S.K.: 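Please read through the structure below; I'll follow up with questions.
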There are 2 protein chains.
Amino acid sequence: MKKTGKKSDFGWAQIKEFCDSLTDEEDALTREMVTCISDKWSLWTMSVIAEQARPMRFSRIMEQVEGVSQKSLTKTLRGLERDGLITRKVFAEVPPRVEYAMTPLGSEMLENIAPLWLWVAKSVQRFQDARAAYSDR
Amino acid sequence: MKKTGKKSDFGWAQIKEFCDSLTDEEDALTREMVTCISDKWSLWTMSVIAEQARPMRFSRIMEQVEGVSQKSLTKTLRGLERDGLITRKVFAEVPPRVEYAMTPLGSEMLENIAPLWLWVAKSVQRFQDARAAYSDR
DNA sequence: CCGTATCCAAGCCGATACTG
DNA sequence: CAGTATCGGCTTGGATACGG
């Protein structure tokens, strides 16, 4: 695994190299997309839509994403739509109907987040231990 | 680990199932740790320390993490230390010296973030295209 | 050198009320 | 049903000044 004595031996050096090849604008967008992962509601909202594997109405989403306000959900959905992670389709009916669905890009994003999330969940005990040790310091 | 007729054929269902097995406290901590990933300075700071592959002083870190204020860097470092991602060692000298270094847990975290980050960076053009299409809607 | 303390501006987010 | 408008509390983070 380790080849050089100097560089970090995991993929981070590779990433740094790749990021250096990006323009400032692209780099900023990369950070912005990663940030979206830990926006308060974005990831949860995406996972809810993805789970159904079919278009979902606004109110159904709001039921599943417990605790989200109408305002925050609207903002979250608009952001996800803008970034091409979900689609938003308005039906000209009375009463109004709006359906949200995952895009391939959004599904890919979830797929790429999954391993990280799983690792964190599995490591949760180690984090708790670390905090306990910190308190005792 | 059961197979249902439901879709989501990627790892998300698996994650959901795993997370359901966590206590509320553990689940909250998981979200908190993922959130830390996209805190404004945490990830950048970790990558800077990891890159050197040896303990780093406060001021050296601050040079590398461009734009961070003393206050924010201090807060970031304290958080990372508390979560067991880095260590903080104070030397009783004049002038004072404090050195920060990655822990195994911190390095593992970076390793697990790397694939996601790389995917996002490589997909940056698709995100740009999505935003352009959104503007034209 | 490595912080802490204080002030302040900006933004997030929930609650509530209202609209097509 | 699916929003928009508005308000107000809370947190975040930069600037500055000061302390060990």
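In the text below, chain A, chain B and the rest are named by the order of the sequence lines, each starting its count at 1. No experiment lies behind these values; they were computed from the predicted model shown.
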S.K.: Sequence neighbours left out, what passes salt bridge (Lys or Arg N to Asp or Glu O under 4.0 Å) with B/K122? Give chain and number order.
M.R.: none

S.K.: What residues form a side chain to side chain contact (heavy atoms under 4.5 Å, CB included) with B/A133, not counting sequence neighbours?
M.R.: none

S.K.: Generate the contact string for nucleotides 11-17 of chain C. Rules: B means base contact, S means sugar-phosphate contact only, - means no protein heavy atom under 4.0 Å.
M.R.: -SBBB--

S.K.: Under the salt bridge (Lys or Arg N to Asp or Glu O under 4.0 Å) test, which residues partner A/E81, sequence neighbours left out?
M.R.: none

S.K.: Who passes side chain to side chain donor-acceptor pair (under 3.5 Å) against A/E32, sequence neighbours left out?
M.R.: B/R131

S.K.: Using the side chain to side chain contact (heavy atoms under 4.5 Å, CB included) criterion, which residues pair with A/V68? Sequence neighbours excluded.
M.R.: A/W41, A/M62, A/V65, A/S72, A/L73

S.K.: Please determine if B/E108 and A/R126 form a salt bridge, counting it only when a charged side-chain N lies under 4.0 Å from a carboxylate O.
M.R.: yes

S.K.: Could you pull out all residues at least two apart from A/T30 that satisfy side chain to side chain contact (heavy atoms under 4.5 Å, CB included)?
M.R.: A/L22, B/W117, B/V120, B/A121, B/V124

S.K.: B/L29 and A/Q128: which non-hydrogen atoms are nearest, and at how many Å?
M.R.: CD2-CG, 3.3 Å

S.K.: Can you run down the ring-ring contact (aromatic ring centres under 6.0 Å, His included) pairs that involve residues 55-104 of chain B, sequence neighbours left out, and say none if there aren't any?
M.R.: none

S.K.: Using a strict heavy-atom distance below 4.0 Å, which residues from residues 86-98 of chain B are in contact with DNA chain C?
M.R.: B/R88, B/P95, B/P96, B/V98

S.K.: Do A/E26 side-chain atoms and A/T23 backbone N/O form a donor-acceptor pair below 3.5 Å?
M.R.: yes

S.K.: So if I take the C1' atoms of five pairs at each end of the helix from C/dC1-D/dG20 to C/dG20-D/dC1 and get each local axis, what angle do the two axes make, rounded to 10 degrees?
M.R.: 40°

S.K.: Taking the side chain as every heavy atom from C-beta outward, state whether A/L80 and A/S42 have any atom pair closer than 4.5 Å.
M.R.: yes

S.K.: Between which nucleotides of DNA chain D, read 5' to 3', does contact with chain A run, using atoms under 4.0 Å from its heavy atoms?
M.R.: D/dC1 to D/dC7

S.K.: Determine the contact category for B/R60: base if any of its heavy atoms lies under 4.0 Å from a base atom, sugar-phosphate if only primed atoms, P, OP1 or OP2 are that close, otherwise nothing.
M.R.: nothing

S.K.: The criterion is side chain to side chain contact (heavy atoms under 4.5 Å, CB included); which residues satisfy it with A/V94, sequence neighbours excluded?
M.R.: none

